[in-house]
Structure formats: C-alpha cells, structure tokens
**Student:** 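Quick one: the structure is below, and I'll ask about it shortly.
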Amino acid sequence: MTKKASREPRIDLNTATEEDLMAIEGVDGERARLIIEHRSERGPFRSWEDVHQVPGIDGAMLGRLQRSGSLGGAAEASEGGAGGAAEAAPGSATRRRSSGGGDIGDATALEQIMGLILLDRAAAEAYRVALGVCKAPEIKKQLEGFRADHERHERELLDALGASPPDEADERGQCIRRYTELSAREDRTALVAMRGNEELTNDAYASALASDLPEAVRRMVEANWQDERRHIRWINEEIRTRGWELPEVPSTLAEAA
C-alpha cells in the first residue's frame with residue numbers, strides 16, 4: 001500500500017501535480033483533477049475557503065488537506081497585506097496552554113484563536129441586537145440558536161487556551177455591533193446585517209485552520225466552522241426565499257455613481 005504524505009513536508013496545492021495530490025490521504029484521482037482544474041480556471045488558492053469551494057471537498061477532506069498541504073506563496077502574499085501581527089486586544093488573554101491538545105506555542109496560531117474568541121463574542125452581541133428588532137417567530141428562533149452557538153464557541157476556545165474571558169470587545173467587535181445597530185431595523189435588514197457578520201466569522205475560521213494548531217484545538221475549530229457555515233447557509237436561503245435580496249445595480253449606473 002502506498003504510504004500517504006505525512007505532515008512534513010507539506011504539499012503546495014498551488015503547484016502540486018495530480019500524482020502529488022494523490023499522495024494526500026483521501027485524495028483520489030477525481031479530486032486531484034478537480035483541484036487542478038479549479039486553480040487553473042480561477043487562479044491560485046489564496047485561502048482555505050477557496051479550497052473548500054472545489055467540488056468534492058467537504059469539511060473532513062479540507063482538514064486532511066490542511067494537515068498535509070499548504071497554499072505556498074499565494075497565501076503568504078495574501079496575508080502580507082494584513083499589516084503583520086496585531087497588537088493584543090484590550091483585556092485579551094495571553095496564556096498559551098491548550099488543555100485539549102498541548103501548548104499553542106505558535107504566535108500566529110495564538111493570535112488566530114484569540115481573534116476567533118473576540119469575533120464570536122462580537123457576533124453573539126450582534127445577534128442580540130438583531131433579535132431585538134425581529135418580529136417573525138421562526139426567524140427569532142433561528143437567530144437565538146445562532147447566538148447560542150457563538151457563545152458556546154467562545155467558551156470552548158477559552159477553555160482550550162486555559163484563558164480568562166477578555167474584559168471588553170476589541171475595535172473590530174465594536175464595529176460589528178455598531179454596524180448591526182445602524183443597519184438592523186426589522187427582519188429583512190437584520191438578516192442582511194447578520195449575513196455580513198457571518199461572512200466575516202466564516203473567513204476568520206477558515207484562516208485559523210491554516211495555522212499550526214494542536215490536533216484537539218483543530219477539531220474544535222473545524223466543528224465551530226461547520227456551525228458558521230450552517231448559519232450563513234440558512235441566512236442566505238431565508239433572504240432568497242423571502243425575496244429580500246436587493247437587486248443588483250446595473251454596471252452603467254454603478255459606474256455613474
């Protein structure tokens with residue numbers, strides 16, 4: 001039996017041949033061809049969310065690709081515009097112990113997890129704002145469940161770090177809450193506002209999964225991300241079925257504006 005690729009060296013998904021990709025556990029010839037076709041048509045993968053868009057790449061398969069593969073220079077170039085490591089957020093925890101999977105000694109991974117904690121807290125607060133203006137019982141029930149998910153994510157990640165809750169929201173969290181307060185006026189605008197917030201959390205979870213996380217923490221982050229993806233799928237479908245999607249502005253008008 002052919003031995004599958006180990007964690008090191010990682011296989012660059014942006015340059016790998018079909019044979020290289022098939023050395024990754026779970027990647028058969030069909031998946032390898034789809035990965036190559038996708039990057040040929042749309043350019044190099046710049047985030048793990050891009051990889052997740054490839055047909056046949058579910059959450060479990062994405063996890064295997066992250067453990068054995070990398071996104072090479074394209075991901076580095078994408079991350080380079082972020083301005084480097086951010087300063088510690090107000091009241092943020094600094095301990096790096098992971099009660100579920102060993103030390104989180106990598107500074108980037110620690111920063112990513114702390115960012116998720118603060119983002120989940122901000123999302124929960126934004127859902128409280130949205131719930132205050134929604135009227136439809138079925139919408140309120142779903143949003144309440146999503147709020148509870150974010151609160152659970154925050155608790156679980158804090159426990160994994162062995163850290164205390166941050167004293168206050170960071171600047172991004174304050175912006176999320178303020179955006180929701182200004183945008184959410186009734187059911188439609190509340191859902192549209194929360195869609196934007198969920199897009200942000202989905203991107204953050206996908207980015208965190210590209211970090212070098214202890215296995216137990218990685219499993220937790222992957223499970224949380226599946227919740228986030230479920231949230232945004234429901235919101236998108238609800239907006240679509242209720243006809244609440246705003247019409248696209250014709251390009252000529254957009255250019256004139």
Side-chain angles (χ1 to χ4, degrees), residues 4-14 16 21 24-27 31 35 38-39 44-82 85-86 96 98-123 149-150 152-161 163 172 197-233:
K4 295 297 181 181
S6 61
R7 188 175 181 83
E8 295 294 338
R10 291 174 178 264
I11 296 171
D12 185 348
L13 270 60
N14 283 316
L21 292 169
I24 299 175
E25 180 184 0
V27 177
R31 282 196 178 97
I35 289 171
H38 193 278
R39 80 186 187 206
F45 300 112
R46 296 185 177 276
S47 71
W48 289 106
E49 178 65 16
D50 289 346
V51 179
H52 203 261
Q53 300 306 312
V54 177
I57 305 299
D58 58 13
M61 187 68 252
L62 183 67
R64 296 190 188 102
L65 291 171
Q66 289 169 329
R67 287 189 286 274
S68 299
S70 76
L71 303 183
E76 292 174 4
S78 178
E79 293 170 359
R96 300 186 181 186
S98 168
S99 59
D103 290 342
I104 302 181
D106 182 83
T108 301
L110 177 66
E111 182 186 341
Q112 293 273 16
I113 297 302
M114 284 308 306
L116 293 180
I117 290 169
L118 290 165
L119 196 53
D120 274 314
R121 169 170 288 197
D149 283 341
H150 283 288
R152 173 173 51 81
H153 296 169
E154 179 189 352
R155 291 193 304 270
E156 291 174 347
L157 292 172
L158 282 168
D159 182 65
L161 287 184
R172 181 171 59 172
N197 294 336
E198 286 289 359
E199 287 173 347
L200 184 60
T201 55
N202 268 268
D203 288 345
Y205 267 95
S207 178
L209 284 169
S211 301
D212 189 14
L213 303 175
E215 190 58 34
V217 178
R218 175 175 293 278
R219 288 196 299 269
M220 183 185 303
V221 172
E222 287 175 344
N224 290 357
W225 189 35
Q226 292 309 310
D227 286 339
E228 307 297 346
R229 293 176 65 79
R230 173 169 52 82
H231 296 173
I232 201 166
R233 282 197 300 269

**Student:** Which residues pass the salt bridge (charged side-chain N to carboxylate O under 4.0 Å, His left out) test with D227, sequence neighbours left out?
**Tutor:** R152, R230
**Student:** Taking the side chain as everything from C-beta on, heavy atoms only, tell me whether N224 gets closer than 4.5 Å to L157.
**Tutor:** yes
**Student:** Side-chain contact test, heavy atoms from C-beta onward, threshold under 4.5 Å: evaluate it for E215 versus R67 and give yes or no.
**Tutor:** yes
**Student:** Please name all residues satisfying salt bridge (charged side-chain N to carboxylate O under 4.0 Å, His left out) with R229, sequence neighbours left out, ordered by chain then number.
**Tutor:** E49
**Student:** Say you draw a straight line from CD of Q66 to CG of L13; how long is it, rounded to the nearest 0.5 Å?
**Tutor:** 10.0 Å
**Student:** Can you name the nearest heavy-atom pair linking S207 to Q112, along with the distance?
**Tutor:** OG-NE2, 3.2 Å
**Student:** Ignoring hydrogens and geometry, is there a side-chain-to-backbone donor-acceptor pair from R39 to F45 under 3.5 Å?
**Tutor:** no
**Student:** Quick one: are L71 and D50 in side-chain contact, heavy atoms under 4.5 Å?
**Tutor:** no
**Student:** Please report the interatomic distance NE2(H150) to CD1(I117), rounded to the nearest 0.5 Å.
**Tutor:** 14.0 Å
**Student:** Ignoring hydrogens, what is the shortest heavy-atom contact between A160 and M220? Give both atom names and the distance.
**Tutor:** CB-CE, 4.0 Å
**Student:** Please test E25 against S68 for side-chain hydrogen bond (donor to acceptor under 3.5 Å, both in side chains), starting from the C-alpha separation and ending with a verdict.
**Tutor:** CA-CA 8 Å; E25 180 184 0; S68 299; over 6 Å; no
**Student:** Considering all heavy atoms of both residues, which atom of R10 and which atom of G69 are nearest to each other, and what is their separation?
**Tutor:** NH1-O, 2.9 Å
**Student:** Would you confirm whether R31, through its side chain, and L21, through its main-chain N or O, come within 3.5 Å as a donor-acceptor pair?
**Tutor:** no
**Student:** Hey, are the side chains of D120 and E228 touching, using non-hydrogen atoms and a 4.5 Å cut-off?
**Tutor:** yes
**Student:** For E156, enumerate each residue passing the side-chain hydrogen bond (donor to acceptor under 3.5 Å, both in side chains) test, keeping only those at least two apart in sequence or located in another chain.
**Tutor:** none
**Student:** Rounded to the nearest 0.5 Å, what separation is found between the CG atom of L116 and the CZ atom of R121?
**Tutor:** 14.0 Å
**Student:** Are the side chains of R155 and D159 in contact, using a 4.5 Å heavy-atom criterion?
**Tutor:** no
**Student:** Taking T201 for the side chain and E198 for the main chain, is one N or O donor matched with an acceptor at less than 3.5 Å?
**Tutor:** yes
**Student:** So Y205 and H153, would you call those rings parallel, tilted or perpendicular, with 30° and 60° as cut-offs?
**Tutor:** perpendicular
**Student:** Under a 4.5 Å cut-off applied to non-hydrogen side-chain atoms, are I113 and V221 in contact?
**Tutor:** yes
**Student:** Looking at L213 and A208, what are the two nearest heavy atoms and their distance?
**Tutor:** CD1-O, 3.7 Å
**Student:** Can you tell me if W48 uses its side chain to pair, donor with acceptor, with the backbone of L209 under 3.5 Å?
**Tutor:** no
**Student:** Any side-chain heavy atom of N197 within less than 4.5 Å of one from L119?
**Tutor:** no
**Student:** Show, in sequence, the C-alpha distance, side-chain angles and deciding distance for H231 and W225, and conclude whether the ring-ring contact (aromatic ring centres under 6.0 Å, His included) test is met.
**Tutor:** CA-CA 10 Å; H231 296 173; W225 189 35; over 10 Å; no
